[in-house]
Amino acid sequence: MSQQNQRHDLGRLVVRGADRPGIVASVSSALAEQGANIVSLDQHSSDPAGGRFFQRTEFHLPDLSLRFGELEEALTQRLGTEQELEFELIEAKRNKRAAVFVSRKDHCLLDLLWRQRRGELAMTIAMVVSNHPELGDAVRGFGIPFFCVPVEKGRKDAAEKDQMNLLKGNVDLLVLARYMQILSGGFLDELGVPVINIHHSFLPAFTGAGPYERAKERGVKLIGATSHYVTEDLDEGPIIEQDVIRASHRDSVEDLQRRGADVERIVLSRAVAWHCDDRVVRNGSTTVVFEGPR
Ligand SMILES: Nc1nc2c(c(=O)[nH]1)N[C@@H](CN(C=O)c1ccc(C(=O)N[C@@H](CCC(=O)O)C(=O)O)cc1)CN2
């Protein structure tokens, strides 16, 4: 059975907010009353005495699409509408619709395209946008629209306007696959969907441009990659996934870039896969990740 079919009547419920006794009972009761069968449940409480509550539940409910509204109503009645506790009900069969931004480095982009084509990601790549033309043929080879929107010095706002015209209302997610332009706060606010970036260092070390060059200068013995949600503050967004490999004096900057690229690809694909499976819950400047398979 294909992955899409497996997800046909599978629902997800993500709950987060102020912890209090009885939340798990309320969620379980609401689902049971509607005839839903819980197939997996992950939960985290930040403080046993009462802090922040996070829960990800997957459940099977026949004819889920037809039952969605009444289930949402039952959960609202059980969990209340107070601000302290919020929930999101999701149909697992619906892929996230994503745009990918890239500059010239192709390894992270191609990895996502290959994984999407193999059905590994609950994501449909609707378009690829680059500030350079070089990767157009490769993207079109996957049957995916490619748009080149150059970013001229001092005219970033004009580029962002063109990008917004392509994205607004068309995507649920934006992935920056080694996109080397800083997005403005206004762009992020107007787009209004999650943006995931891959930074080519083990943050918080070496934020900004040229991390491998600075790693070489510093003589680090570990290099890595970090995937994070994008905020206006460069490379400061909530971290989703990281990984590292050993480095030594024998590695040139080019060696670090070549070896680091493999880490970047796997870290970004894990982060995107977990986001698309609703496994990542924002918690202020951090995240709670109910990890999936590695
Ligand atoms: N608002 C944000 N935008 C972006 C982020 C982010 O965290 N917040 N991450 C970057 C990716 N990145 C490192 O991972 C990065 C990209 C670009 C630069 C940079 O200095 N860019 C210059 C132009 C460089 C050029 O023209 O080649 C600039 O934008 O002025 C630093 C780090 C993606 N965007």
Side-chain angles (χ1 to χ4, degrees), residues 98-112 127-135 147-164 166-168 171 173-218 220 223-244 253 256-272 275 280 282 284-287:
V100 181
F101 279 12
V102 67
S103 289
R104 285 196 166 100
K105 301 275 186 186
D106 62 356
H107 54 286
C108 290
L109 168 66
L110 291 177
D111 191 84
L112 290 174
M127 68 186 83
V128 173
V129 181
S130 177
N131 53 323
H132 300 288
E134 290 87 346
L135 294 173
F147 300 93
C148 182
V149 180
V151 180
E152 297 169 20
K153 284 284 183 204
R155 300 194 69 244
K156 188 171 284 194
D157 55 341
E160 289 190 343
K161 184 167 185 251
D162 292 344
Q163 291 168 336
M164 190 58 68
L166 291 167
L167 267 57
K168 189 73 177 174
V171 297
L173 172 65
L174 172 58
V175 180
L176 307 183
R178 290 301 304 275
Y179 180 67
M180 301 314 290
Q181 293 294 323
I182 298 171
L183 298 176
S184 69
F187 178 89
L188 296 169
D189 292 344
E190 185 179 353
L191 182 60
V193 300
V195 182
I196 295 175
N197 179 54
I198 181 69
H199 180 70
H200 38 315
S201 84
F202 186 51
L203 291 176
F206 308 132
T207 57
Y212 289 122
E213 291 81 352
R214 288 179 283 151
K216 176 65 180 176
E217 287 165 20
R218 186 70 184 79
V220 299
I223 58 166
T226 302
S227 189
H228 62 91
Y229 287 113
V230 170
T231 62
E232 185 172 5
D233 301 322
L234 185 63
D235 300 331
E236 295 287 339
I239 291 173
I240 304 169
E241 172 65 340
Q242 298 183 288
D243 211 336
V244 294
V253 170
L256 296 179
Q257 290 169 336
R258 171 180 51 79
R259 297 178 60 223
D262 286 341
V263 189
E264 295 164 41
R265 293 191 294 118
I266 195 66
V267 166
L268 179 59
S269 63
R270 279 186 205 140
V272 169
H275 173 89
V280 187
R282 302 272 294 253
S285 62
T286 69
T287 64

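For clarity, every value in this text was computed on a predicted model and none was experimentally measured. For reference, positions follow the sequence shown, starting with 1. Ligands are counted one by one from 1 in listed order, and the atoms in each one are counted from 1 as well. In what follows, every heavy atom counts, from backbone to side chain, and hydrogens, waters and symmetry copies are set aside.
- Atom NZ of K168 is surrounded by more than 12 heavy atoms from other residues, nucleotides or ligands within 6.0 Å.
- Between the side chain of D243 and the backbone N or O of V263, no donor-acceptor pair lies under 3.5 Å.
- Donor-acceptor pairing under 3.5 Å is recorded for the side chains of S184 and E160.
- No hydrogens or angles considered: nothing links the side chains of H228 and T226 as a donor-acceptor pair under 3.5 Å.
- Of the N or O atoms in A209, none lie within a sub-3.5 Å distance of an N or O in ligand 1.
- Distances below 4.0 Å separate heavy atoms of Y179 from the following atoms of ligand 1: 11 (C), 16 (C), 33 (C).
- Within 6.0 Å of CZ in R258 there are more than 12 heavy atoms belonging to other residues, nucleotides or ligands.
- Under 4.0 angstrom from ligand 1, the non-hydrogen atoms of L176 all belong to its side chain.
- Considering backbone and side-chain atoms together, E236 places no N or O closer than 3.5 Å to any N or O of ligand 1.
- Using a non-hydrogen distance threshold of 4.0 Å, H228 registers as a contact of ligand 1.
- Heavy atoms of K156 found under 4.0 angstrom from ligand 1 belong exclusively to the side chain.
- Contact check on R104 versus E134 returns a salt bridge, with a Lys/Arg side-chain nitrogen under 4.0 Å from an Asp/Glu carboxylate oxygen.
- Only the side chain of V230 comes within 4.0 Å of ligand 1, counting heavy atoms alone; its backbone N, CA, C and O stay farther away.
- Contacts between V151 and ligand 1 below 4.0 angstrom, taking non-hydrogen atoms only, are absent altogether.
- With distances taken over non-hydrogen atoms, the option nearest atom 33 (C) of ligand 1 out of K153, M180, Q181 is Q181.
- Heavy atoms of D235 found under 4.0 angstrom from ligand 1 belong to the backbone as well as the side chain.
- Using cut-offs of 30° and 60° on the angle between ring planes, the pair Y229 and H275 is perpendicular.
- Among protein heavy atoms, the minimum distance from atom 2 (C) of ligand 1 is reached at T231 O, 3.4 Å.
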